[in-house]
Amino acid sequence: MSYQVLARKWRPKRFAELVGQEHVVRALSHALDSGRIHHAFLFTGTRGVGKTTIARIFAKSLNCERGTSAEPCGVCSICTDVDGGRFFDLLEIDAASNTGVDDVRELIENAQYMPARGRYKVYLIDEVHMLSKSAFNALLKTLEEPPGHAKFLLATTDPQKLPVTVLSRCLQFNLKRLTVEQIVFQVDRILAAEQVEHDPESVREIARGGNGSLRDALSLLDQAIAFGGGKLVASEVRTMLGTIDRGAVTDFLDAILRDDAAALAVLIQQAADFQPDYATILDAFAEAMHAIQVEQLIPNAASDAAWPVADFAQRMAPETVQLFYQLAISGRRDLALAPSPRVGFEMTLMRMLAFQPAPAVGDAPAHRAMPQRPASATPASSPASTALSGRSPAMSAPIASMPVAEPA
């Protein structure tokens, strides 16, 4: 048999198997168990969080041979056909390739007929925001008053593009991005079932790479297993993803805080030899600043214990943390404008080195010492300062001595 990718092999088949969407599962389960089932549902959210999966489970729950409930049996012919993509009364329509009004008219005409096998005919329209304006207008009346045997499940990653008239006719559920911990839990479970050797840090790297999407994380997991020859090692996963160890990020920060330009240059060269994704490093730097700031302002409440924040929270002023955070995200944004990603990354770190607040007088390093102004060149007697102020020295004294009016 051909290999089945992990994202398809481990697609949830019951509501209980879904991760991170408890608010949606609760509402749909109560509706199914009570019989108060709306005729149109809209599922929104980023890619890979379960929109299509929830719609398929919902269709299975509606048509299970043992009755409509939130717990379909999973073994009857209808349940197995839905899982295999063979159920005739579940029509999955890709709106990205069926955008025209003629496609919608065909759907409307088909909706009038009774289901072939199940209780309900279920229309799952994926990426519904891709429909044309005329197609939406043609769908409105059927979406508001469909036949009793028809249910509409709409899924989109961009609900802002949907007309208000469509939104008002649907029950809307916004699916959440998954946290790193939720993805780690699911990946750990899959690796245990697949009997793949792994270490915890490799799983966390994959979970971070998923960026809130379980499907993206499982695609990376497939790639990492192939890259590692059937096992996962954190260093190899980082090589594959183009990321670096979190310890390297804290090394960058330590060199900046020590004002050690030479050490920083060595670290940048070591990172360049690794050929990393510089945007990912700056993302990690911004995450570290967030963890440090949380530790400073809300002690013992840091959300990610993997960052060694306690030491840096003591060494950095809160305003410096904010400055470095802003420099990291602005540097990441400007990487595309830099002559090369490395130059953009290097300039971002050197900007932090140059802009961090100077130490107290007496401890300032030589390269930060400002040249002393000659005693004779005071601001009041400087021709340049007089020209910039637009006032003569004779006018400056009376103006300086004038009382300042207190606000009413």
Side-chain angles (χ1 to χ4, degrees), residues 3-25 28 41-58 92 94-96 124-130 153-162 172-194 196 198 200-227 232 234 237-238 240-243 246 277 279-284 286-287 290 303-304 306 329 332:
Y3 175 72
Q4 190 174 28
V5 299
L6 295 176
R8 292 187 59 190
K9 181 178 180 180
W10 292 95
R11 182 191 291 271
K13 295 180 173 58
R14 300 167 51 245
F15 284 130
E17 297 174 2
L18 285 165
V19 178
Q21 311 300 343
E22 291 79 7
H23 61 298
V24 179
V25 170
L28 294 181
F41 297 83
L42 174 63
F43 302 108
T44 67
T46 188
R47 70 205 180 282
V49 294
K51 300 184 297 297
T52 305
T53 297
I54 288 177
R56 289 176 179 174
I57 297 174
F58 190 69
E92 297 192 23
D94 177 19
L124 170 55
I125 307 178
D126 202 8
E127 298 300 339
V128 67
H129 67 273
M130 300 290 287
L153 308 178
L154 315 180
T156 179
T157 56
D158 198 354
Q160 289 78 15
K161 292 183 179 179
L162 295 181
Q172 184 172 347
F173 297 95
N174 183 32
L175 276 66
K176 302 175 184 176
R177 293 167 61 93
L178 301 184
T179 65
V180 171
E181 287 71 22
Q182 289 169 334
I183 297 177
V184 165
F185 173 79
Q186 192 73 351
V187 171
D188 268 332
R189 190 172 70 87
I190 291 172
L191 288 174
E194 294 285 331
V196 175
H198 63 282
E201 188 56 30
S202 65
V203 175
R204 292 195 69 83
E205 289 290 346
I206 289 172
R208 295 187 197 106
N211 195 25
S213 167
L214 183 57
R215 184 177 63 226
D216 286 7
L218 293 183
S219 296
L220 291 176
L221 182 60
D222 263 322
Q223 183 179 352
I225 292 173
F227 186 85
L232 298 182
V237 172
R238 293 189 192 102
M240 182 195 77
L241 297 176
T243 58
R246 289 192 163 195
D277 179 355
T280 303
I281 301 178
L282 291 177
D283 282 342
E287 288 178 8
H290 169 261
S303 59
D304 193 345
I329 60 175
R332 186 196 191 286

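With rounding to the nearest 0.5 angstrom, the OG1 atom of T52 is 14.0 Å from the CZ atom of R47. The distance from atom CZ of F43 to atom CG of D126, rounded to the nearest 0.5 Å, is 11.5 Å. Here the CD1-CG distance, from I183 to L221, works out to 11.5 Å after rounding to the nearest 0.5 Å. Between atom OG1 of residue T243 and atom CZ of residue R238 there is a gap of 6.5 Å, rounded to the nearest 0.5 Å. Note that the CG atom of D158 and the CD atom of Q160 stand 5.5 Å from one another [nearest 0.5 Å]. Note: R208 CZ to L220 CG = 13.0 Å, rounded to the nearest 0.5 Å.
Of all heavy-atom pairs between L232 and S202, the closest is CB-OG, 3.6 Å. In terms of heavy atoms, S213 sits closest to G48 at OG-CA, 3.3 Å. Residues V128 and A95 come closest through the heavy atom pair CA-CB, 3.8 Å. The two residues I206 and A217 come nearest to each other via the heavy atoms CG2-O, 3.4 Å. In terms of heavy-atom proximity, T44 sits nearest to P159 at CG2-CB, 3.7 Å. Shown here for L175 and G50, the closest heavy-atom pair between the two residues is CD2-C, 3.6 Å.
Residue pairs that meet the side-chain hydrogen bond (donor to acceptor under 3.5 Å, both in side chains) test with at least one member in residues 11-21, sequence neighbours left out, are R11-T53, R14-E71.
Of the possible polar contacts, one joining the R177 side chain to the N211 backbone as a donor-acceptor pair under 3.5 Å is found. Using a distance-only test at 3.5 Å, with no hydrogens or angles considered, no donor-acceptor pair links the side chain of H23 to the main chain of K176.
Shown here are the salt bridge (Lys or Arg N to Asp or Glu O under 4.0 Å) partners of R215, two or more places apart in sequence or in another chain: there are none.
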*Would you please test V24 and L18 for side chain to side chain contact (heavy atoms under 4.5 Å, CB included) and show each step?*
CA-CA 10 Å; V24 179; L18 285 165; over 6 Å; no
*Mind running side chain to side chain contact (heavy atoms under 4.5 Å, CB included) on Q182 and T179 for me, showing each step along the way?*
CA-CA 5 Å; Q182 289 169 334; T179 65; 3.2 Å; yes
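With a 4.5 Å cut-off on side-chain heavy atoms, F41 and L154 do not count as touching. F173 has its side chain within reach of L28: a pair of non-hydrogen atoms, C-beta onward, lies under 4.5 Å apart. Counting only heavy atoms from C-beta outward, the side chains of L6 and I225 approach each other to under 4.5 Å. You'll find the side chain of D277 stays beyond 4.5 Å of the side chain of L241, heavy atoms only. Taking the side chain as every heavy atom from C-beta outward, D222 and Y3 approach each other to under 4.5 Å.
Just one residue in the list K51, E127, H129 forms a side chain to side chain donor-acceptor pair (under 3.5 Å) with T156, and that residue is H129.
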Tell me which donor-acceptor pairs under 3.5 Å the side chains of residues 184-194 have, and how far apart each pair is, sequence neighbours excluded?
unit_1 : atom_1 : unit_2 : atom_2 : d
D188   : OD1    : H198   : NE2    : 3.4
E194   : OE2    : K9     : NZ     : 2.8
E194   : OE2    : W10    : NE1    : 3.1

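The existence of a salt bridge linking R246 and E201 is excluded, since no basic side-chain nitrogen approaches an acidic carboxylate oxygen closer than 4.0 Å.
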